[in-house]
Amino acid sequence: MTTTLGTASAGPGEIDTGRLEIGETRDGSPFGLPVAVINGERSGKTLYMQAASDGDELNGVGVIQRVVPQLDPAALSGTILIVGIVNYHAFQVAEHRNPIDDTKMNRAYPGDETGTSSERIAAATFEAATRADLVLDLHQGSTSRMIDEVRVRCGKRHRLHDECLELAKAFGCGYVLDQKGPDGQLARAAPDKGVPTVDPELGGCVGWDETSIRKGVDGVFNVLRYYGFLEEDGALERQTRASSFEQYGAPNGGLVDMHKDLGEQVASGETLFEVTTPFGEPKATVTADSDGILWRARRLPQVATGEYVCSVGTDIDSY
Ligand SMILES: [Zn+2]
């Protein structure tokens, strides 16, 4: 059966790329999101993937750029639908939010096809996502420093929670954040339509981080093996799960000296970071309120009073 996404159309054993038209840019020319359809020779499940929902989060684009040339439709069971760049306008200017309406795309799902710029893009990509059996929405911790992890956002009481958790485990980057996300996330809206969805959060950087991209490529292939798109068997590995987050800000201004590395265990009462003057004089020492894992940290050392410094993933277990 031929599968179509935008202008991309592929029969069994074929691959095609094209554009998913959304509307027009400010000069009146039509624009479309780059899309690909990889139609396996044999039938199977459908996987939907998208990247750059936040326009400065490029690692997911790197994952897709590396995964697609490695896919052989003749060796594939099932179909893969891909939107390579979701936040078209933000990507053009390397910004996080869509500059046309100053909106974060991942608060606009399920979208509205007659709505704002972001709502229209959300509606078009949501339509594609909900044709699938599984969804990977490739993100990263923006330009801050973050571990590679996968987020389950539907909430622990959602009927699809177990299936989302399984998808996160199949992706297998080692860490999972299992915490209900804000309204408007694709990983909230698609499970409501019955489609297990997770957000792989592939590190955090400006531009591309090859280590995080490699984990993302491995994660996609892990999913393809586990859910039977590829012949090889996929094994599940134990994941470290955090169920909540504690954020730490600077008690005063100066330069931050982190005492913990990303991924390192933190015990309650241990020093997370110090703030010093430009001359290295100590101004403040901040300790952890709870046991956990250093999950995310700011990139730049300079902080003002109250400014974000780091996050600790807490309520840790493994599954
Ligand atoms: Zn993001």
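Note that this is a predicted model, so its numbers are computed, not measured. One-based numbering, in listed order, for ligands and for the atoms of each. As a basis for the values below, the full set of heavy atoms in this structure was taken, side chains included, without hydrogen atoms, waters or symmetry mates. For reference, positions follow the sequence shown, starting with 1.
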How about His89 and Asp101: does a side-chain donor come under 3.5 Å of a side-chain acceptor?
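Distance-only check fails for His89 and Asp101.
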Just checking, any donor-acceptor pair under 3.5 angstrom between side chains of Asp56 and Ser142?
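The answer is yes; a qualifying pair exists.
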Output yes if [X] passes the N/O/S-under-2.8 Å test against the Zn ion (ligand 1); output no otherwise.
X	answer
Glu201	no
His139	yes
Asp199	no

Taking the six-membered ring of Trp295, is the NZ or CZ of Arg241 close enough (under 6.0 Å from the centre) and on axis enough (within 45°)?
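Ring-cation test returns no.
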side-chain hydrogen bond (donor to acceptor under 3.5 Å, both in side chains) partner of His139, chosen from Glu201, Glu57, Arg151
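Of the listed options, the one satisfying the test is Glu57.
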So what does the Glu57 OE1 - the Zn ion (ligand 1) - Asp54 OD2 angle come to, to 10°?
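Taking the Zn ion (ligand 1) as the apex, I get 110° for this pair.
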